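Everything numeric in this text was worked out from a predicted model, so none of it was measured. Proteins come first, then strands; the chains are lettered A, B, ... in the order of their sequence lines, and each starts at number 1.
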2 protein chains.
Amino acid sequence: MAGESGPVTLRGIAERLGLHVSTVSRVLNGPSGEQGRAASGETARRIRELADELGYRPNPHATSLRTRRSNLVGVLFPRLSEIVVATIYEGVEEEATRRGLSTFVTNTHDDPATQRERIGMVLGRRVDGLIIGDAHLDGAALADPALDGTPFVLVNRRTDTGHPAVTCDDRLGGRRVAEHFLDLGHRRVAVIAGEPFASTGTDRTTGFTDRYREAGLPLPAHWVRHCGFDTAGGHRAAAELLSGPDRPTAIFAVNDLAAIGTMGAARDLGLRLGEDLALAGFNDTPLAAELPVPLTSVRSPMAEQGRRAVRLLLRRIAGEPVASEMLGPELVVRASSGAQIGPPPR
Amino acid sequence: MAGESGPVTLRGIAERLGLHVSTVSRVLNGPSGEQGRAASGETARRIRELADELGYRPNPHATSLRTRRSNLVGVLFPRLSEIVVATIYEGVEEEATRRGLSTFVTNTHDDPATQRERIGMVLGRRVDGLIIGDAHLDGAALADPALDGTPFVLVNRRTDTGHPAVTCDDRLGGRRVAEHFLDLGHRRVAVIAGEPFASTGTDRTTGFTDRYREAGLPLPAHWVRHCGFDTAGGHRAAAELLSGPDRPTAIFAVNDLAAIGTMGAARDLGLRLGEDLALAGFNDTPLAAELPVPLTSVRSPMAEQGRRAVRLLLRRIAGEPVASEMLGPELVVRASSGAQIGPPPR
DNA sequence: ACGATTGGCGCAAACGATTGGGTAGAGCAT
DNA sequence: ATGCTCTACCCAATCGTTTGCGCCAATCGT
């Protein structure tokens with residue numbers, strides 16, 4: 001006899017109580033402080049009581065339709081299966097949930113056509129804003145006029161076009177690795193630089209090479225090799241670097257996966273990590289410490305980037321002025337860079 | 001002079017054309033085959049033309065409100081930063097996109113309270129169904145009455161409560177590893193079994209131990225150790241297994257991360273993989289092949305699981321009868337199991 | 001030539017919530 | 001008694017679509 005009226009709606013509650021839906025709406029939306037002048041304290045109590053007895057949940061479609069706010073944000077990443085990205089997303093999700101937002105997250109595989117298509121898709125879903133984690137340096141996909149009305153921020157990667165972004169200070173991270181290698185006496189070093197369109201790779205590379213140049217040891221161009229951000233890419237690039245007669249004594253791989261690929265290549269060539277070859281990665285993923293030869297890596301605050309990106313987006317949505325943020329990296333030295341041994345033979 | 005009327009709506013189009021919105025709606029929704037009897041071919045053409053000139057995109061909130069269908073699905077996982085999970089999600093996303101669905105994906109950290117809360121959240125968003133990748137064997141969170149009206153399917157993990165699920169044939173995978181170890185002559189073997197509440201871990205373990213029992217070599221209870229599904233958990237469990245005087249000659253870790261943790265523990269004890277200790281993992285993640293000692297692992301079709309889960313859910317939503325699906329695993333032998341060396345010393 | 005189709009649209013009522021404007025009555029001062 | 005201010009509500013429009021029904025004219029059958 002109680003309720004066989006399908007999902008519980010504002011009207012359902014109002015009718016049961018002999019009130020008008022607007023009254024119910026105001027009570028349920030107003031501050032729970034009794035001082036909301038929407039209704040008498042007594043009425044408000046009855047409304048709230050019935051609402052949660054019935055398990056009332058406002059229909060978000062109706063609300064969004066009316067208010068033109070969806071509390072939805074779109075999140076774009078190259079691929080969530082990469083641990084770095086997944087960890088950033090955990091931060092995004094945590095903060096978004098805390099703020100009452102839901103996220104549409106999607107993989108674009110760094111393909112411009114897919115990027116555009118997915119931007120169109122989330123825009124079609126009427127998101128309030130987007131968090132873009134797959135930006136290319138040229139910012140091409142972000143020039144899409146469809147994006148005009150919708151605020152967005154970047155995360156992990158920045159562009160040259162000055163959009164607000166939350167990133168790690170990648171340049172500084174690369175610099176730290178260079179200093180570490182210099183301290184160890186390495187004069188012939190190479191970089192596995194990742195994809196040329198991603199600021200993460202290029203900035204880390206720049207930071208590293210700048211420091212070596214300052215030390216009077218500029219890197220020859222063929223010792224900066226671009227490759228995919230995965231183990232296979234790292235493997236190939238490292239194999240090329242290491243198979244020549246003139247081989248570097250240390251390699252900086254701009255992310256841990258490429259570093260692991262480098263390990264594979266070194267293994268194939270019979271090179272011992274930390275002895276014949278020093279190696280450093282970037283991101284200090286949980287694997288780094290567990291590898292048979294633990295990996296020296298730059299720790300970057302990934303989840304924190306995600307959280308900050310959400311807050312930054314929220315400020316943009318609110319129309320407040322915003323500025324990009326950079327988080328500090330930290331070098332974690334382990335055996336792969338061979339810190340325990342002396343300078344390499346000349 | 002053209003359009004300063006904010007977002008383009010059905011009404012906007014209708015007015016410009018001197019038609020009624022219902023006509024426009026029918027034309028735009030009907031099959032693009034000219035044989036839709038919604039309007040004359042000429043009118044239909046004009047409508048479609050203007051619609052995409054203006055870049056019309058139906059407002060999904062309005063549509064969902066009216067049709068009571070959101071084309072949204074909720075996706076629950078323990079943590080997306082685990083590569084296995086992320087890869088399954090890529091399959092989910094790919095298939096969902098193909099079918100015109102969007103997904104809300106969220107991390108529950110295998111915590112029952114969070115699971116319930118997130119189920120409530122996606123339900124509050126009025127999803128059409130959910131894909132649950134964090135099920136516990138007892139199916140506790142799935143008994144939530146709030147779930148009653150909403151169809152769902154499981155992926156990766158099954159429950160004992162018989163909900164439709166898409167999984168890998170984990171038992172068979174474990175069995176394959178056992179057979180491999182038996183072929184190599186290992187008689188004293190241990191399992192790092194993962195979390196006891198996840199069917200992936202328990203089924204792989206059961207498949208393995210069953211086979212050894214059939215061979216007349218039942219495993220002692222203390223050689224089946226539960227632990228977290230990550231490197232740290234694997235490291236701890238392996239350290240315990242390997243530090244006793246009576247140590248197993250082979251270890252089956254039910255996932256690759258635990259296997260990598262095992263590698264770390266072995267390294268700490270000075271044990272050489274493939275010589276002093278045989279090791280196999282599960283999932284054949286991209287890392288497995290690149291490790292300094294390449295990891296023997298069971299390959300499971302992860303993205304395919306995700307795709308199938310979407311299709312299964314769609315069938316449930318359509319009210320068709322559905323059955324669980326199991327995908328075949330495949331053993332990939334590499335150096336960590338020491339296949340190249342003879343039977344271990346007795 | 002007249003009733004029956006039917007092609008081509010328009011009408012209006014939903015879907016569930018929000019929100020700017022009432023309005024009735026109570027309480028108070030003048 | 002009149003005018004005023006609150007309090008505590010109610011009214012109704014609106015957001016953008018979908019969809020059962022109805023209507024008008026042209027066409028058809030006989």
Side-chain angles (χ1 to χ4, degrees), chain A residues 3 5-31 34-48 51 54-72 100 123-126 128, chain B residues 3 5-31 33-48 50-51 54-72 100 123-126 128:
Chain A
S5 35
V8 29
T9 130
L10 225 43
R11 189 148 70 101
I13 297 184
E15 272 168 8
R16 255 173 256 248
L17 257 30
L19 290 169
H20 194 266
V21 338
S22 63
T23 307
V24 179
S25 169
R26 272 184 260 257
V27 166
L28 259 21
N29 285 0
E34 303 293 331
Q35 227 16 53
R37 48 215 333 119
S40 72
E42 170 59 12
T43 307
R45 200 189 47 71
R46 282 167 55 219
I47 291 177
R48 271 192 269 268
L54 262 39
Y56 170 73
R57 303 281 250 138
N59 182 317
H61 303 125
T63 303
S64 299
L65 180 59
R66 178 62 228 247
T67 62
R68 291 148 168 299
R69 213 196 191 258
S70 60
N71 291 311
L72 256 24
L123 253 26
R125 283 286 180 181
R126 300 301 201 268
D128 291 337
Chain B
S5 35
V8 30
T9 122
L10 269 189
R11 189 146 70 101
I13 298 183
E15 273 167 9
R16 252 174 258 249
L17 257 28
L19 290 170
H20 194 266
V21 336
S22 63
T23 307
V24 179
S25 169
R26 271 183 263 257
V27 166
L28 260 22
N29 284 1
E34 302 293 331
Q35 228 17 51
R37 49 214 335 118
S40 73
E42 171 57 13
T43 307
R45 201 190 45 72
R46 284 166 55 219
I47 292 177
R48 270 191 270 268
L50 184 61
L54 262 39
Y56 170 71
R57 303 282 249 135
N59 182 316
H61 303 125
T63 304
S64 299
L65 180 59
R66 178 61 227 248
T67 61
R68 294 149 168 298
R69 210 193 193 258
S70 60
N71 291 311
L72 255 26
L123 254 24
R125 283 286 180 179
R126 302 300 201 266
D128 290 337

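Taking 3.5 Å as the limit, the base of D/dC11 and the side chain of A/S22 contain a donor-acceptor pair of atoms between them.
Checking the phosphate oxygens (OP1, OP2) of C/dG10, a side-chain nitrogen or oxygen of B/T23 falls inside 4.0 Å. Checking the phosphate oxygens (OP1, OP2) of C/dC9, a side-chain nitrogen or oxygen of B/T43 falls inside 4.0 Å. Within the structure, a side-chain polar atom (N or O) of B/R68 is placed less than 4.0 Å from OP1 or OP2 of C/dG16.
At the heavy-atom level, B/G18 lies under 4.0 Å from the strands shown only through sugar-phosphate atoms. Across all strands, B/S25 comes closer than 4.0 Å to base atoms (heavy-atom distances).
A/R11 CZ to A/H20 NE2: the interatomic distance, rounded to the nearest 0.5 Å, is 10.0 Å. Of the inter-residue distances, the one linking A/S25 atom OG with A/I13 atom CD1 reads 10.5 Å to the nearest 0.5 angstrom.
Remark: A/R125 pairs with B/S102 by the side-chain hydrogen bond (donor to acceptor under 3.5 Å, both in side chains) rule, at least two apart or across chains. Listed by chain and number, the residues in a salt bridge (charged side-chain N to carboxylate O under 4.0 Å, His left out) with B/R68 amount to none (sequence neighbours excluded). Remark: B/R57 engages A/R126 in a side chain to side chain contact (heavy atoms under 4.5 Å, CB included) (not counting sequence neighbours).
At least one donor-acceptor pair closer than 3.5 Å links the side chain of B/T63 to the backbone N or O of B/N59.
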Polar atom pairs (N or O), protein with nucleotides 21-25 of chain D, under 3.5 Å:
none

Name the pairs: protein N/O against N/O of nucleotides 25-27 of chain C, kept only if under 3.5 Å.
none

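Here C/dC9 is the nucleotide among C/dA17, C/dC9, D/dC15 with the atom lying nearest to any side-chain atom of B/L19. Nearest to the side-chain atoms of B/H20 among the listed nucleotides C/dG16, D/dC10, C/dC11 stands C/dC11.
Stem regions annotated for DNA chain D: C:1-30 with D:1-30, counting only runs of 3 or more consecutive pairs of Watson-Crick or G-U type with both contacts under 3.5 Å.
Comparing B/L65 and B/V21 by the nucleotide of DNA chain C whose heavy atom lies nearest to each, the residue mapping closer to the 5' end is B/V21.
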